[in-house]
Amino acid sequence: MKNLKIEYVHDIDCSWCPINYANLKTAIKALNNEVSVEIEFLPYEVKPNFKVEGEKISTHLMKLNGWNEQQHSEYRESLLRTAAQAGVKIDFSKRTHYYNTSLGHRLVHFASLSNKQAAMNELLIEGYFEKGLNPTKVDQLLELAARLDLDLGEAKQALTAQFQEPALVEKYQRARQITTRGVPALRINGKQVVIGTRPPEYFIDLLRNIET
């Protein structure tokens, strides 16, 4: 069996990150007798200067891309179709804003210290994309920590500390080594880099044939 280490670079509020991750998981499941995969999540902030209140998603995308309402509507419909194909649920009646995501990344890192980063990533995907979780709210993030039986005192300290832990800073640095062109992105065994969202078939072929 082939042993693979995947560094998965993502942002908490990036629509394409959970879609790509779901496709990757589908591929890994299809190859369960051929590969053993360890996934480490690395933080990347697409919008690091966002204020706490965030910005309405439709307003941000229309301004960023120069879209009119019809173009934005068509993009959203296409995104929802692609997400549904990957098994990812997005409820735009609840997920209305983009936010600063630094605290969400702190929480994923904190969960990694208890080997629960994948589970925390799943909770954040569900919370933000389906239920409209605000990742700048410490109380909402602590509710996720409680669901994984993490120490809430230590979790709060990690979320409210004045500075990021050196280990988290190092993760940001590694993420920037992998991509400066946005997310999702990943690196396999420190060598093969893939940037952008790919279908399960792409990952099946890649993981099956990659040299270790």
Side-chain angles (χ1 to χ4, degrees), residues 4-31 35 37-48 50 54 57 60-61 64-65 75-76 78-92 95 97-109 111-112 116-130 133 135 168 170-210:
L4 303 175
K5 167 70 179 294
I6 296 179
E7 298 162 285
Y8 192 83
V9 186
H10 71 125
D11 201 357
I12 303 298
D13 64 1
C14 160
S15 299
W16 297 99
C17 290
I19 293 172
N20 196 54
Y21 179 56
N23 290 341
L24 175 63
K25 288 194 301 178
T26 296
I28 293 171
K29 184 177 181 180
L31 297 171
V35 299
V37 181
E38 175 190 352
I39 298 178
E40 179 184 21
F41 294 92
L42 299 182
Y44 187 106
E45 295 180 39
V46 177
K47 300 168 283 293
F50 261 34
I57 292 172
H60 179 80
L61 289 178
L64 178 68
N65 296 297
Y75 167 78
R76 177 170 287 189
S78 176
L79 171 64
L80 289 173
R81 285 194 299 269
T82 304
Q85 290 172 356
V88 175
K89 297 179 182 179
I90 303 176
D91 185 345
F92 280 110
R95 182 213 175 196
H97 284 64
Y98 288 130
Y99 297 100
N100 183 292
T101 56
S102 61
L103 293 187
H105 288 302
R106 285 193 184 199
L107 187 62
V108 174
H109 173 68
S112 74
K116 294 182 177 182
Q117 60 174 339
M120 182 58 73
N121 181 58
E122 298 281 357
L123 289 183
L124 282 165
I125 290 172
E126 176 190 54
Y128 175 67
F129 290 94
E130 295 184 45
L133 173 143
L168 180 55
E170 187 272 336
K171 287 182 177 180
Y172 273 102
Q173 292 171 343
R174 264 194 292 142
R176 287 288 178 175
Q177 291 172 359
I178 295 170
T179 176
T180 57
R181 294 159 47 194
V183 287
L186 58 86
R187 180 167 64 184
I188 305 173
N189 285 358
K191 300 175 182 178
Q192 179 76 41
V193 173
V194 179
I195 297 175
T197 304
R198 306 300 176 98
E201 295 77 16
Y202 173 90
F203 286 123
I204 289 173
D205 183 67
L206 176 64
L207 299 182
R208 174 175 282 151
N209 295 298
I210 193 169

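Numbering of residues begins at 1 and proceeds along the displayed sequence. All values below come from the heavy atoms of this structure, side chains included, with hydrogens, waters and symmetry mates left out.
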Review point. Is there any side-chain hydrogen bond (donor to acceptor under 3.5 Å, both in side chains) pair reaching into residues 185-196, and which pairs are they, with sequence neighbours excluded?
Key: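 Non-adjacent pairs meeting side-chain hydrogen bond (donor to acceptor under 3.5 Å, both in side chains): E7-R187.
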Check your understanding: Hey, are the side chains of L61 and R76 touching, using non-hydrogen atoms and a 4.5 Å cut-off?
Key ->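 A side-chain contact under 4.5 Å is absent here.
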Review point. L168 versus P43: any side-chain heavy-atom pair under 4.5 Å?
Key: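 Counting from C-beta outward, L168 and P43 do come under 4.5 Å.
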Donor-acceptor pairs under 3.5 Å, side chain of residues 196-204 to any protein atom, not counting sequence neighbours: which ones?
residue	atom	partner	partner atom	Å
R198	NH1	Y202	OH	3.3
R198	NH2	I195	O	3.4

Return all side-chain donor-acceptor pairs below 3.5 angstrom for residues 79-92, not counting sequence neighbours, or 'none' if the list is empty.
residue	atom	partner	partner atom	Å
T82	OG1	S78	O	3.0
D91	OD1	S93	N	2.9
D91	OD1	S93	OG	2.4
D91	OD2	S93	OG	3.3

Review point. By salt bridge (Lys or Arg N to Asp or Glu O under 4.0 Å), which residues pair with E170, not counting sequence neighbours?
Key: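 Residues passing salt bridge (Lys or Arg N to Asp or Glu O under 4.0 Å) with E170: R174.
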Practice item. Could I get the full list of salt bridge (Lys or Arg N to Asp or Glu O under 4.0 Å) partners for K116, not counting sequence neighbours? Key: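 For K116, no residue satisfies salt bridge (Lys or Arg N to Asp or Glu O under 4.0 Å) once neighbours in sequence are set aside.
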Partner set under side-chain hydrogen bond (donor to acceptor under 3.5 Å, both in side chains) for [X], not counting sequence neighbours:
X    : result
N65  : none
K25  : E122
N100 : S102
Y128 : R95

Review point. Mind checking what makes side-chain contact (heavy atoms from CB on, under 4.5 Å) contact with H97, not counting sequence neighbours?
Key: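 Residues passing side-chain contact (heavy atoms from CB on, under 4.5 Å) with H97: K56, Y99.
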Search all heavy atoms of [X] against all heavy atoms of [Y] and return the closest pair with its distance.
X    : Y    : answer
P18  : I125 : CB-CD1, 3.7 Å
I12  : F129 : O-CE1, 3.5 Å
P135 : L133 : CD-O, 3.4 Å

Roughly how far, to the nearest 0.5 Å, is the [atom2] atom of [Y] from the [atom1] atom of [X]?
X    : Y   : atom1 : atom2 : answer
E40  : K5  : CD    : NZ    : 4.5 Å
Y44  : D11 : OH    : CG    : 9.0 Å
E45  : K47 : CD    : NZ    : 10.0 Å
L24  : Y21 : CG    : OH    : 7.5 Å
H109 : L42 : NE2   : CG    : 11.0 Å

Check your understanding: How far apart are the C-alpha atoms of L206 and I188, what are their side-chain angles, what is the distance that settles it, and do they pass the side-chain contact (heavy atoms from CB on, under 4.5 Å) test?
Key -> CA-CA 10 Å; L206 176 64; I188 305 173; 3.6 Å; yes
Check your understanding: By ring-ring contact (aromatic ring centres under 6.0 Å, His included), which residues pair with H105, not counting sequence neighbours?
Key ->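 H105 satisfies ring-ring contact (aromatic ring centres under 6.0 Å, His included) with H10 only.
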Exercise for review: State which residues pass ring-ring contact (aromatic ring centres under 6.0 Å, His included) with Y172; sequence neighbours excluded, sorted by chain then number.
Suggested key: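 Not a single residue meets the ring-ring contact (aromatic ring centres under 6.0 Å, His included) criterion with Y172.
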Check your understanding: Side-chain donor-acceptor pair under 3.5 Å between D13 and T101, yes or no?
Key ->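 Distance-only check fails for D13 and T101.
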**Study point:** Under 3.5 Å donor-acceptor, N209 side chain and D205 backbone
**Key:**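 Checked: pair present.
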Review point. Between the main-chain N or O of P184 and the side-chain N or O of N20, is there a donor-acceptor pair closer than 3.5 Å?
Key: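 No: the side chain of N20 does not pair with the backbone of P184.
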Point to revise | Verdict with reasoning, L207 to I6, per side-chain contact (heavy atoms from CB on, under 4.5 Å) | key: CA-CA 10 Å; L207 299 182; I6 296 179; 4.3 Å; yes
